[in-house]
Amino acid sequence: MKFSWHGHAVVQIQTHDKRIIIDPFIEGNKDCDLSVDEIKVDYILLTHAHNDHVGDTVQIAKNNDATVIAMVELADYLGSFDIKTHGMNIGGAYQFPFGKLKCTQAIHSSSYNDGEKNIPLGLANGFLLDDGFHTLYHAGDTALFSDMALLGPVDVAFLPIGDNFTMGIDDAIKASALIKPKLSIPIHYNTFPIITQDPNAFTSNVSNGRLPAIGEVIELKGEKI
Ligand code: NI
Ligand code: MN
């Protein structure tokens with residue numbers, strides 16, 4: 001499994017010859033190093049419908065004939081744009097060609113602003129991916145919740161630290177202590193002034209913090225990291 005972080009909640013993953021992007025908010029993401037029309041993916045995973053997560057999903061899906069995996073209400077809505085979708089709901093897992101993907105709880109809201117109105121689209125979620133070798137948890141936007149302790153063995157955890165809309169650093173440190181991942185990576189900060197944070201205050205206070213550069217590819221080799 002290879003993965004990289006591209007600012008905000010944008011994560012790219014490659015495993016089993018499949019290319020995945022999570023929450024492709026590219027246009028308007030000031031830290032992002034990607035350009036929409038150059039992204040090559042097979043699957044797009046969405047944690048919820050907020051515009052800073054759906055981002056450029058429709059364009060990327062059309063460019064690549066990619067499948068969007070999201071909460072059923074959000075998947076149904078995006079299906080109206082004539083793209084391929086796979087709806088899931090919290091607690092459910094499905095075996096995809098890239099691995100087993102579980103839709104996990106997140107404590108957050110989920111609506112899409114289409115420029116005229118806010119459309120409520122089900123619940124927000126996280127994702128737990130097990131490719132048979134490693135497990136990667138993307139928390140999405142969420143508050144701290146104690147059931148994070150039950151996620152199971154996690155190798156890599158992407159945790160929001162921006163505060164105001166999601167966990168802040170203090171709660172994200174508690175989340176990392178509950179999840180006990182081998183790598184804890186902060187996301188969803190500094191994109192907007194209201195979520196300004198020092199990520200080092202997170203990484204230096206968890207036992208396993210990692211602050212990747214934008215676009216840095218991290219490869220997990222073999223059975224264990
Ligand atoms: Ni959100
Ligand atoms: Mn967000």
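Positions are given from 1 along the sequence. As the structure lists them, so they are numbered: ligands from 1, and atoms in each ligand from 1. Excluded from the calculations below are hydrogen atoms, water molecules and symmetry mates; all remaining heavy atoms, backbone and side chain alike, are included.
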Participant: Just by distance, with hydrogens left out, do T47 and D23 show a side-chain donor and acceptor under 3.5 Å apart?
Facilitator: yes
Participant: Any donor and acceptor pair, going by atom type alone, linking the side chain of H16 with main-chain N or O of D131 inside 3.5 Å?
Facilitator: yes
Participant: Of all N/O/S atoms in D141, which lies nearest to the Ni ion (ligand 1)?
Facilitator: OD2
Participant: Kindly compute the distance separating CG (L45) from CG (L101), expressed to the nearest 0.5 Å.
Facilitator: 5.0 Å
Participant: Rounded to the nearest 10 degrees, what's the angle NE2 of H53 makes with OD2 of D141 at the Mn ion (ligand 2)? Could you check?
Facilitator: 90°
Participant: Quick check on the Ni ion (ligand 1): does H53 put an N/O/S atom closer than 2.8 Å to it?
Facilitator: no
Participant: Could you tell me whether the side chain of N64 and the main chain of I39 form a donor-acceptor pair under 3.5 Å?
Facilitator: yes
Participant: May I ask you to check whether D52 and H188 show a side-chain donor-acceptor distance below 3.5 Å?
Facilitator: yes
Participant: How are the rings of F25 and F192 set to each other: parallel, tilted or perpendicular (split at 30° and 60°)?
Facilitator: tilted
Participant: What N, O or S atom of D52 is found closest to the Mn ion (ligand 2)?
Facilitator: OD2
Participant: Between D52 and the Ni ion (ligand 1), is there a contact where an N/O/S atom of the residue lies under 2.8 Å from the metal?
Facilitator: no
Participant: Give the atom name of whichever N/O/S atom in H48 sits closest to the Ni ion (ligand 1).
Facilitator: NE2
Participant: At a threshold of 2.8 Å, where the distance has to be below it, does the Mn ion (ligand 2) have an N, O or S atom of H48 nearby?
Facilitator: no
Participant: Which N, O or S atom name in H50 marks its closest approach to the Ni ion (ligand 1)?
Facilitator: ND1
